[in-house]
Amino acid sequence: MGMFDPLKGFGVTFSTMFKKVVTEEYPEVKKIPAPRFHGKHQLNRHPDGLEKCVGCELCAWACPADAIFVEGADNTTELRYSPGERYGADYQINYLRCIGCGLCIEACPTRALTMTNVYETADDNRQDLIFTKEDLVAPLLPGMEQPPHPMRLGDDEQDYYVQGPRLAREQGVPEDETVETGPEEAR
Amino acid sequence: MGLEESLPNGILLANVEKLVNWTRKTSMWPATFGLACCAIEMMTVGGSRYDVARFGMERFSASPRQADLMIVAGRVTNKMAPVLRQIYDQMPEPRWVLAMGVCASSGGMFNNYAVVQGVDHVVPVDMYLPGCPPRPEMLLDAILKLHAKVMDEPINAKRAQLQAERGDRTELEASSEKYAPAGRGQRKRAERQQQAQRREMGAEGRLGAPGIESAGKNDSPGEDTADGRQSGTGHELGAGR
């Protein structure tokens with residue numbers, strides 16, 4: 001116990017006034033989470049606006065909390081929502097069950113389902129926290145067209161998957177948007 | 001309060017209602033009801049980095065009789081449910097409940113015989129906060145949305161009836177949009193801070209571009225543009241924004 005110890009204590013308090021403030025100013029300054037943050041889901045589109053989801057229900061099977069409900073339906077020549085045979089007619093994610101583990105993203109074979117950085121999802125009733133397809137599907141970027149419409153970028157779905165990145169560039173979709181197709185899709 | 005209940009109809013209470021609601025929302029003490037991992041995030045919110053005291057929650061009340069808001073953080077088991085109800089009953093009116101995390105809101109991934117499937121089976125819930133666990137910002141967002149709801153609460157039965165007839169429902173806006181800085185200087189300051197956060201997260205420049213894979217091995221930046229694939233992996237994983 002030195003004589004000046006009480007003063008030293010005040011010294012710590014005083015010097016803190018000149019240090020950087022650690023407190024985040026959350027509501028005014030929106031916090032940017034990590035790029036791979038597991039936030040709200042998104043159902044992506046092909047560069048011409050057709051949906052990537054093929055209604056295979058693998059995400060629902062992978063989900064450990066049973067938060068996802070998918071109902072597929074057949075595409076017809078008049079009503080085409082995705083390249084290929086089937087599309088996700090009904091798609092629901094219950095955010096009161098979803099634990100954000102990302103297993104659905106890993107399970108998705110067409111990379112239709114990805115996660116965004118949106119995290120402000122609190123609500124005051126359970127009904128509104130079951131997100132349906134309208135809430136989840138990606139917005140239409142320039143050059144995209146609201147489905148149903150015929151396949152614009154190829155004769156069959158293989159053209160979409162194999163040449164996905166090139167088609168996206170030709171269509172003028174910005175680089176950092178979600179239509180980017182992974183190399184795992186191009187067999 | 002009590003006085004406003006006995007006043008005859010026709011006495012104007014709109015401004016009193018606003019004042020009372022404002023006092024309630026600006027000094028809303030939370031009761032800790034930490035049950036699992038969400039409680040860790042709740043404690044973080046009380047710490048200096050997130051500092052819930054900015055919103056009038058100076059102290060997490062360990063005694064229910066001095067608390068206004070019960071933050072149920074974590075999974076509620078059937079054995080804990082009566083305790084939860086008792087704590088709720090001991091809180092003075094007006095009181096609010098915030099179900100924090102998916103387990104408190106709906107049982108989450110624990111769909112089994114031991115866990116209550118949503119704390120709203122036991123107590124009325126005012127705000128559901130999904131996430132497993134929700135990050136501190138999400139809890140702050142839920143608290144601010146609850147504040148918006150408190151501001152719209154009617155002061156007596158007559159006004160409650162009027163509100164029910166009008167069918168009013170509080171618009172729940174995302175907090176970062178509702179409290180977005182208005183002035184140009186403040187906006188610039190916010191952007192500067194967000195840029196620092198991006199740097200901290202390793203996502204500066206193009207969103208998610210320098211991923212973990214590309215940071216080490218991709219030394220020459222010119223190679224990126226020449227190659228048609230454009231550093232596909234690191235880029236694409238962060239592409240969801």
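Letters go in sequence order (proteins before strands), and every chain restarts at 1.
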Please classify the contact of K178(B) with chain A as side chain, backbone, both or neither, using a heavy-atom distance under 4.5 Å.
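K178(B) has no heavy atom closer than 4.5 Å to chain A.
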So for R187(B), is it side chain, backbone, both, or neither that comes closer than 4.5 Å to the heavy atoms of chain A?
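Neither part.
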Pick one: which of T170(B), L98(B), D126(B), L172(B) meets side chain to side chain contact (heavy atoms under 4.5 Å, CB included) with D124(A)?
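Testing each of T170(B), L98(B), D126(B), L172(B) against D124(A), the sole residue satisfying side chain to side chain contact (heavy atoms under 4.5 Å, CB included) is L172(B).
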pair [X]-[Y]: side-chain heavy atoms closer than 4.5 Å:
X: Y128(B); Y: L129(A); value: yes
X: Y26(A); Y: D141(B); value: yes
X: T23(A); Y: R49(B); value: no
X: P27(A); Y: F55(B); value: yes

Would you give the length of the straight line joining atom CD of Q186(B) to atom CD of E28(A), rounded to the nearest 0.5 angstrom?
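One gets 8.0 Å once the value is rounded to the nearest 0.5 Å.
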Once you round to the nearest 0.5 Å, how far does OH of Y119(A) lie from CD of E137(B)?
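If I round to the nearest 0.5 Å, the distance is 5.0 Å.
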State whether D123(A) and K145(B) are salt-bridged, where the test is any N-O pair (Lys NZ or Arg NE/NH1/NH2 against Asp/Glu carboxylate O) under 4.0 Å.
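No, no charged N to carboxylate O under 4.0 Å.
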Do the side-chain N and O atoms of S175(B) and E120(A) include a donor-acceptor pair separated by under 3.5 angstrom?
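S175(B) vs E120(A): no donor-acceptor pair found between side chains.
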May I have the step-by-step check of side chain to side chain contact (heavy atoms under 4.5 Å, CB included) for R97(A) and V102(B), ending in yes or no?
CA-CA 6 Å; R97(A) 291 270 178 199; V102(B) 289; 6.0 Å; no
Part of N125(A) within contact of chain B (heavy atom distance under 4.5 Å):
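Answer is both: backbone and side chain atoms of N125(A) are under 4.5 Å from chain B.
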Output the option from E191(B), E177(B), R189(B) having the highest count of non-hydrogen pairs under 4.5 Å with chain A.
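Going by pairs under 4.5 Å, I would pick R189(B).
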